[in-house]
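Right, one structure below, let's go through it.
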Amino acid sequence: QVQVVESGGGLVQAGGSLRLSCAVSGIILRINAMGWHRQAPGKQRELVAGILWGGTTNYADSVKGRFTVSRDNAKNTVYLQMNSLKPEDTAVYYCSVNGRWWGQGTQVTVSS
């Protein structure tokens, strides 16, 4: 049984920062990629940032220069450092593993 657990969401003022964590446990033969996605009310889920286990990263244009994704392979954990947050970043943030397993999400709310 694979478990994906996000943490670190919360309420922050515009311009503030948050750091999300995503911990993976269970039996996975190989983790190739992990991603952070978000879904705001009334909108489709979108990819925010992804990281391959070799370290290659990609970001949505809307977060480039503000968000940084990183990983700790030994801990099967991925982080999303979010700086200069904007109200439009408000969403539920989800973590994915190999595009197959998903966490339950963590709420990020940015007040203006």
Side-chain angles (χ1 to χ4, degrees):
Q1 186 75 13
V2 175
Q3 287 191 320
V4 181
V5 180
E6 305 99 336
S7 61
L11 173 64
V12 65
Q13 289 187 333
S17 298
L18 283 175
R19 188 192 194 209
L20 305 183
S21 299
C22 172
V24 182
S25 61
I27 300 174
I28 300 178
L29 291 179
R30 180 181 176 87
I31 295 178
N32 295 313
M34 293 183 72
W36 285 101
H37 310 252
R38 68 186 180 188
Q39 187 166 19
K43 295 187 177 181
Q44 289 188 332
R45 189 174 298 188
E46 62 174 349
L47 176 67
V48 174
I51 183 166
L52 300 181
W53 224 238
T56 302
T57 59
N58 65 290
Y59 298 91
D61 288 342
S62 59
V63 306
K64 283 181 180 176
R66 300 188 297 122
F67 290 11
T68 302
V69 61
S70 61
R71 83 277 186 259
D72 184 332
N73 290 356
K75 295 182 179 180
N76 279 354
T77 299
V78 170
Y79 307 96
L80 185 67
Q81 179 66 44
M82 305 186 295
N83 298 328
S84 301
L85 283 161
K86 304 175 181 181
E88 51 263 44
D89 294 319
T90 295
V92 178
Y93 283 70
Y94 298 90
C95 177
S96 68
V97 179
N98 291 352
R100 176 178 177 181
W101 294 283
W102 292 80
Q104 291 190 328
T106 184
Q107 176 71 47
V108 171
T109 302
V110 184
S111 63
S112 58

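Position 1 is the first residue of the sequence, and the numbers go up from there. What you are looking at is a predicted structure, and each value in this text was computed from that prediction instead of being measured.
Across all non-hydrogen atoms, the minimal contact from Asn73 to Arg71 is OD1-CG, 3.0 Å. Between Val48 and Val63, the shortest heavy-atom contact is O-CG2, 3.6 Å.
Within the 4.5 Å cutoff, the side chain of Ser96 has heavy atoms near those of the His37 side chain. Contact of the Asn58 side chain with the Leu47 side chain is registered, since non-hydrogen atoms from C-beta on lie closer than 4.5 Å. Side-chain contact between Arg100 and Val2: absent, with no pair of heavy atoms (C-beta onward) separated by less than 4.5 Å. Looking only at side-chain heavy atoms (C-beta outward), Tyr79 and Asp72 come within less than 4.5 Å of each other. Side chains of Gln3 and Trp101 form no contact here, defined as non-hydrogen atoms less than 4.5 Å apart. You'll find the side chain of Tyr59 stays beyond 4.5 Å of the side chain of Arg66, heavy atoms only.
Ring geometry for Trp102 versus Tyr94: interplanar angle over 60°, hence perpendicular rather than tilted (30 to 60°).
Linking Ile, Leu, Val, Met, Phe, Trp and Tyr whenever their side-chain heavy atoms come within less than 4.5 Å leaves Val4 and Val92 in two separate clusters. In this structure, Trp53 is a member of the same hydrophobic cluster as Trp36, with clusters built from ILVMFWY side-chain heavy atoms closer than 4.5 Å.
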Please table the atom pairs, donor to acceptor, closer than 3.5 Å between any side-chain atom in residues 11-30 and protein atoms at least two apart or in another chain.
{"from": "Ser17", "atom 1": "OG", "to": "Asn83", "atom 2": "OD1", "distance (Å)": "2.9"}
{"from": "Arg30", "atom 1": "NE", "to": "Asn32", "atom 2": "OD1", "distance (Å)": "2.7"}

Show me the donor-acceptor pairs, under 3.5 Å and distance only, between side chains in residues 103-112 and residues at least two apart or in other chains.
{"from": "Thr106", "atom 1": "OG1", "to": "Gly9", "atom 2": "N", "distance (Å)": "3.2"}
{"from": "Gln107", "atom 1": "NE2", "to": "Ala91", "atom 2": "O", "distance (Å)": "3.4"}
{"from": "Gln107", "atom 1": "NE2", "to": "Thr109", "atom 2": "OG1", "distance (Å)": "3.3"}

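By the salt bridge (Lys or Arg N to Asp or Glu O under 4.0 Å) test, Glu46 is found to be paired with Arg38, residues two or more places apart in sequence or in another chain being considered.
To the nearest 0.5 Å, the span separating CG on Leu80 from OG1 on Thr68 amounts to 8.0 Å.
Asp61 has a carboxylate O that lies under 4.0 Å from a charged side-chain N of Lys64, or vice versa, which qualifies the two as a salt bridge.
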